[in-house]
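Written below as C-alpha cells is the structure these notes are about.
Residue numbers begin at 1 in each chain, while the letters A, B, ... track the order of the sequences.
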Amino acid sequence: MRAPSSTITAHTNSTCRIAQSGIHRSSTSLPSPSSTKLLKQTHATLLRSGEIHDAIIAGKLISNIANSHPSNLPYALTFLSHPTNIPINAFAWNSLIRGFAHSPFPENSISLYRRMLDEGFFPNNYTYPFLLKASSYLEDSRVGLSLHATIIRRGLDGMDPFIQTSLISFHAVLVSVETARQLFDESLVRDVTSWNALIKGYVACGQHMNAIYMFQAMQDCGPICGDEITMLSVVSACAHLGALEMGRWVHSYIARNRLVLSLNLGTALINMYAKCGEIDNAKALFWKMQEKDVRTWSVMINGLAIHGHAKEALVLFAEMQRFGVVPDSVTITALLIACSHGGMVERGRTIFSRMRMDYDIEPTIEHYGCIVGLLGRAGRLDEALALIRRSSLKPDIVLWGSLLVDCMVHKNIGMGEIVVKEILKLDPSNAGAHVFLSNMYATSGKWDVVQEVRNFMKEQMIHKPPGSSLIEVNGVVHEFLSGDSSHTQFDGIYKMLDEICRLVSLKGHKPLVGGVSFDINDEDREVCLSQHSEKLAVAFGLISTNPGSVIRIVKNLRICRDCHAVMKLVSEAFGRIIIVRDCNRFHHFSKGSCSCGDYW
DNA sequence: TTAGGGTTAG
C-alpha cells in the first residue's frame with residue numbers, strides 16, 4: 001500500500017517505507033513520529049539502505065528528530081558531527097535552529113546560526129523567522145536587533161512576508177511597538193498574521209485601546225477578516241479595559257463570521273465577561289463550553305474570586321478536581337485570591353502551606369503576594385512580615401508594596417518604616433515609599449523632615465503614578481485622571497461632581513482624607529479627594545448614560561475609603577448600580593451598600 | 001522538505 005506521505009517512518013522489519021513504497025522525496029508529509037525509538041529505527045534503516053546520503057532524506061530525518069521533542073535535540077545535533085558522510089543542507093540547519101528556538105534553550109539557535117555561517121552555509125528566508133523567534137524567547141533585544149541589521153544588509157527586509165511579520169512581532173514585544181507599527185506600515189503585504197502581530201504587540205505593552213483601534217483599522221482596510229488569534233488579543237484587550245460593549249460586539253463578530261469558538265477563545269471570552277463585571281454571563285459561557293482545560297477552570301475560579309464569591313470559587317475548584325483536571329500555579333493563585341477577598345484567612349493559609357504536598361506546585365512570588373495580601377488585609381501584619389522573612393524567594397517590590405499599603409490601612413507606622421527601607425533598597429526612587437515617609441513624619445509633626453522628603457522627591461522628579469479610571473459609554477472608552485479637566489464635557493462633569501458632593505454631604509458624609517497625598521492643606525485635600533478619577537468617571541457616567549442603567553468603572557489603583565463611601569451613597573441617591581473594578585477586585589454598589597461588605 | 005500571529009495570575 002502506498003503511504004500517503006514521505007514522512008520517514010520505520011518498520012520493525014527494517015525496511016524503509018520510503019524505499020519500499022517508492023515514495024518520492026517531494027511528497028507531502030504526515031505528522032512526524034514522535035517516538036525516539038521509532039526515529040532511531042528509521043535512522044538505522046536509512047543507514048543500512050544508504051538513503052541517508054540523500055540530502056533531502058537526511059534533512060527530513062534531522063527535521064523530524066529536532067522537532068519531535070526537546071529531549072531529542074542532542075540526538076539531532078549528532079548529525080552535524082557524524083563521521084559518515086551525511087549531507088547537511090540549509091534545510092537541515094533550519095530544522096535544528098527551529099527545534100532549539102522552541103526548546104528551553106533558544107540560545108542554542110543563535111550559536112547554531114553562527115556555526116552555520118562559519119561552515120559556509122547561507123541562511124535563507126526560512127532561517128530568520130526561527131532566529132527572531134529564538135531571540136524573542138530569549139528576551140534579548142540585542143540579538144534580534146543584530147539579526148534585523150543582517151536582514152537589512154542582505155536586502156531581505158520588506159521582501160518576505162514571513163520575515164517582515166517576524167520582525168514586527170519581535171519589535172512589538174521586545175523593542176518598541178512604535179517601531180513595529182512603522183515596519184507594519186512599510187510592509188508591502190499585510191495579511192491577517194501581520195495584523196495579529198501588531199495587535200498582540202499593543203496588548204503586550206499595555207496599549208489596549210490601540211490594540212482595539214488596530215482591529216477596527218483592520219476592518220476598515222479591506223477584506224481581511226480577523227481569525228481566532230486576532231480575537232484572542234482583542235478579547236484580552238477588552239478584558240483589560242473592562243470594555244463590555246466592545247467585548248460583546250467582538251463576541252457577536254466571532255459568531256457572525258462563523259469563527260470556531262475554540263477552547264482558547266471560549267476561555268478568553270469567559271475571562272472578558274468576568275473582568276467586565278458580567279460574572280453571570282461568564283458562568284453561563286463556562287458551563288456551555290463542551291471542553292474545558294485548566295485555564296478555563298482557572299479563569300472562572302479567578303472571576304468568582306475577584307467578584308468576592310469566595311465559597312463558589314472553592315466549590316468550583318472541588319468540581320474541577322472531580323472532573324480530573326489537574327490544577328496549576330495559576331489555579332492556586334485564583335484560590336488564594338478568593339480566600340483573600342472572602343476573608344477566609346485560615347483556609348487560604350492551609351491551601352498555601354499544603355500546595356506543594358497536595359498539588360506538587362512550588363509556591364512562587366505570586367502565591368506569596370496573595371498570602372501576604374490575605375494576611376495584610378486581615379490586619380495580621382506581623383504574620384505577613386514573618387512569612388516574607390521565612391521565604392526562600394527574594395521578595396520583590398510588588399510584595400513589599402502590598403504590605404506597605406496594608407501598613408498604611410492599619411496605621412502600623414513601625415512596620416511601615418521597616419517595609420519602606422526594604423522597598424528603597426530595591427528601588428531608591430519608589431514613589432509610594434517616599435509618600436509613606438512624608439505622611440508618617442507629617443502625622444508626628446516632624447515638618448522639617450517632611451520638607452526634606454518633599455525636596456528630595458522634587459529634585460529626583462519622583463511622582464506617584466496618577467489614579468486613572470476608565471468608563472465605556474456607547475462603545476467609546478473614556479479615561480479620567482485624578483483632577484483631570486481635559487474632557488470635552490468638563491463643565492457638565494464638574495457640575496455633577498458638585499451635585500454629588502452636595503447630596504452625599506446631606507447624607508452626613510464627611511470626606512475621609514486619610515488616604516490623600518501630602519503637600520496640600522485640609523481644604524485642598526477635600527477638593528483633591530472630590531476629584532479622584534473614579535468620582536470624575538462616575539459623574540461622567542451619570543450625565544451621559546440613561547437613568548437606571550449600570551455604570552461600570554475600571555480603576556488602576558485600589559479604591560480609596562472616601563470614594564468607596566461616596567459610591568455607596570451615589571448608588572442610593574441616583575438609583576444606579578455602580579460596578580467598580582479596582583486593581584484588586586470588583587465592588588458592586590447598589591442601594592447604598594457594596595458587595596465587598598466593606599472588606600477590601 | 002521548513003516559516004510569521006496565541007487566551008489565565010500577587
By the 4.0 Å heavy-atom rule, please label [X] as base, sugar-phosphate, or nothing.
| X | value |
| --- | --- |
| A:Leu132 | nothing |
| A:Phe130 | base |
| A:Asn94 | base |
| A:Asp160 | base |
| A:Leu167 | nothing |
| A:Val299 | sugar-phosphate |
| A:Asp293 | nothing |
| A:Glu228 | base |
| A:Val192 | base |

* Asked: Are the ring centres of A:Phe184 and A:Trp195 closer than 6.0 Å?
  -> yes

* Check: A:Phe170 ring centroid to A:His148 ring centroid under 6.0 Å -> no

* To do: Hey, can you tell me if A:Phe121 and A:Trp93 have their rings parallel, tilted or perpendicular (30° and 60° cut-offs)?
  => tilted

* To do: Describe, in one word, how the ring planes of A:Phe586 and A:His307 are oriented to each other, choosing from parallel (under 30°), tilted (30 to 60°) and perpendicular (over 60°).
  =>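 It falls in the parallel class, under 30°.
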
* Checking only heavy atoms, does the side chain of A:Asp191 share a donor-acceptor pair with the base of B:dG4 at less than 3.5 Å? -> yes

* Atom pair CG/NZ of A:Leu261 and A:Lys288 - distance to nearest 0.5 Å -> 7.5 Å

Looking at the side chain of [X], which of [options] is the nearest nucleotide?
| X | options | value |
| --- | --- | --- |
| A:Asn264 | B:dG10, B:dG6, B:dG4 | B:dG6 |
| A:Pro129 | B:dT8, B:dG4, B:dT1 | B:dG4 |
| A:Arg98 | B:dA9, B:dT2, B:dT7 | B:dT2 |
| A:Thr165 | B:dT8, B:dA9, B:dG4 | B:dG4 |
| A:Ile56 | B:dG6, B:dT1, B:dG10 | B:dT1 |
| A:Ser169 | B:dA3, B:dT8, B:dG5 | B:dG5 |
| A:Ser166 | B:dG4, B:dA3, B:dT7 | B:dG4 |
| A:Lys200 | B:dG5, B:dA3, B:dG10 | B:dG5 |
| A:Val398 | B:dT7, B:dG10, B:dG4 | B:dG10 |
| A:Ile229 | B:dT8, B:dG6, B:dT2 | B:dG6 |

* Asked: salt bridge (Lys or Arg N to Asp or Glu O under 4.0 Å) between A:Lys60 and A:Asp54: does it pass, once the steps are laid out?
  -> CA-CA 10 Å; A:Lys60 278 210 145 193; A:Asp54 181 319; over 6 Å; no

* To do: Check DNA chain B against residues 230-237 of chain A and give the residues with a non-hydrogen atom under 4.0 Å, in numerical order.
  => A:Leu232, A:Ser236

* Neighbour count >12 (heavy atoms, 6.0 Å) for atom OH, A:Tyr599 ->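 Count over threshold, so yes.
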
* Return yes when atom CD of A:Glu139 has more than 12 non-hydrogen atoms of other residues, nucleotides or ligands closer than 6.0 Å, and no otherwise. =>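 Result for CD/A:Glu139: open.
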
* May A:Phe162 be described as stacking on the base of B:dG4, applying a 5.5 Å centroid limit and a 30° limit on plane angle? ->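 No, A:Phe162 does not stack on the base of B:dG4, since the centre distance and plane angle fail the 5.5 Å and 30° test.
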
